Amino acid sequence: GINAEYGKQWYQRRVREAVVSTQSTGTDGYSASDMTALAQDAAFGPIRSIAPGKVKDIPADKIRKINYSDFVNSLQTIRPSVSQSSLAAYEDWNNMFGAK
């Protein structure tokens with residue numbers, strides 16, 4: 001319905017704004033999938049700041065925007081899924097056998 005579509009658009013807009021504002025701070029070694037998980041987790045920051053019983057009573061346009069601290073908090077739990085040694089191995093393989 002209209003509310004679901006509005007909610008989806010609101011979520012997508014907030015994620016885009018937040019990702020642009022942080023520009024990979026502290027995310028060295030994160031894959032695109034890791035960044036997606038980070039953005040999704042950070043997008044829930046405004047919801048987490050609302051008392052559990054009050055969430056359903058607050059209109060979507062009254063929920064605060066995602067901010068830098070939401071990303072900082074998410075960085076505590078969302079970690080890179082590929083180790084630096086694995087990345088080095090993939091880079092070595094790509095240098096030897098990848099497209100030139």
Side-chain angles (χ1 to χ4, degrees):
I2 293 174
N3 286 339
E5 185 60 30
Y6 175 80
K8 180 179 177 183
Q9 290 173 357
W10 178 88
Y11 169 80
Q12 291 172 338
R13 187 171 50 253
R14 295 300 178 259
V15 169
R16 277 193 305 273
E17 290 170 1
V19 169
V20 168
S21 71
T22 60
Q23 290 296 316
S24 76
T25 302
T27 57
D28 188 38
Y30 281 60
S31 67
S33 179
D34 298 333
M35 292 299 292
T36 298
L38 180 70
Q40 288 174 338
D41 190 74
F44 282 102
I47 301 298
R48 289 185 190 113
S49 68
I50 301 169
K54 302 287 184 183
V55 172
K56 65 182 178 182
D57 299 327
I58 298 177
D61 63 337
K62 299 298 181 193
I63 298 173
R64 71 168 175 83
K65 292 183 177 183
I66 299 168
N67 59 40
Y68 182 76
S69 67
D70 295 320
F71 279 87
V72 171
N73 292 335
S74 292
L75 283 168
Q76 303 304 310
T77 55
I78 306 298
R79 307 301 309 156
S81 59
V82 180
S83 69
Q84 290 297 321
S85 61
S86 292
L87 288 175
Y90 291 130
E91 288 175 7
D92 290 344
W93 185 93
N94 190 51
N95 290 335
M96 292 171 49
F97 305 108
K100 305 277 184 202

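Since the model is a prediction, treat every value here as computed from it, not as a measurement.
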> Which heavy atom of Arg64 sits nearest a heavy atom of Ser49, and at what distance?
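Heavy atoms only, the tightest pair is NE-OG, 3.5 Å.
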> Measuring from Leu38:CG to Asn73:CG, what's the distance to the nearest 0.5 Å?
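Answer rounded to 0.5 Å: 10.5 Å.
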> Under a 3.5 Å distance rule, please check whether Asn94 uses its side chain to pair with a backbone N or O of Tyr90 as donor and acceptor.
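Not at all, since once roles are kept as given, no pair shorter than 3.5 Å links the two residues.
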> After noting the C-alpha distance and the side-chain angles of Ser31 and Ser33, does the key distance pass the side-chain hydrogen bond (donor to acceptor under 3.5 Å, both in side chains) rule?
CA-CA 5 Å; Ser31 67; Ser33 179; 4.7 Å; no
> Using only atom types and a distance under 3.5 Å, with no angle test, would you say the side chain of Asp34 pairs donor to acceptor with the backbone of Ala37?
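Checked: no pair found.
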> Give me the atom names and distance for the closest heavy-atom approach of Ile78 to Tyr30.
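Shortest heavy-atom contact: O-OH, 2.6 Å.
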> If you round to the nearest 0.5 Å, how far is CD1 of Ile47 from CD1 of Ile66?
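So the CD1 of Ile66 and the CD1 of Ile47 are separated by 9.5 Å.
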> Between Asp41 and Arg48, does any NZ, NE, NH1 or NH2 come within less than 4.0 Å of an OD or OE carboxylate oxygen?
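Yes, charged N to carboxylate O under 4.0 Å.
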> Taking all non-hydrogen atoms of both residues into account, name the closest pair between Pro46 and Ile63 and its distance.
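Closest approach of Pro46 to Ile63: CB-CG2, 3.5 Å.
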> State the CD1-CG distance between Ile50 and Asp57, to the nearest 0.5 angstrom.
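Atom-to-atom, Ile50:CD1 and Asp57:CG are 10.0 Å apart.
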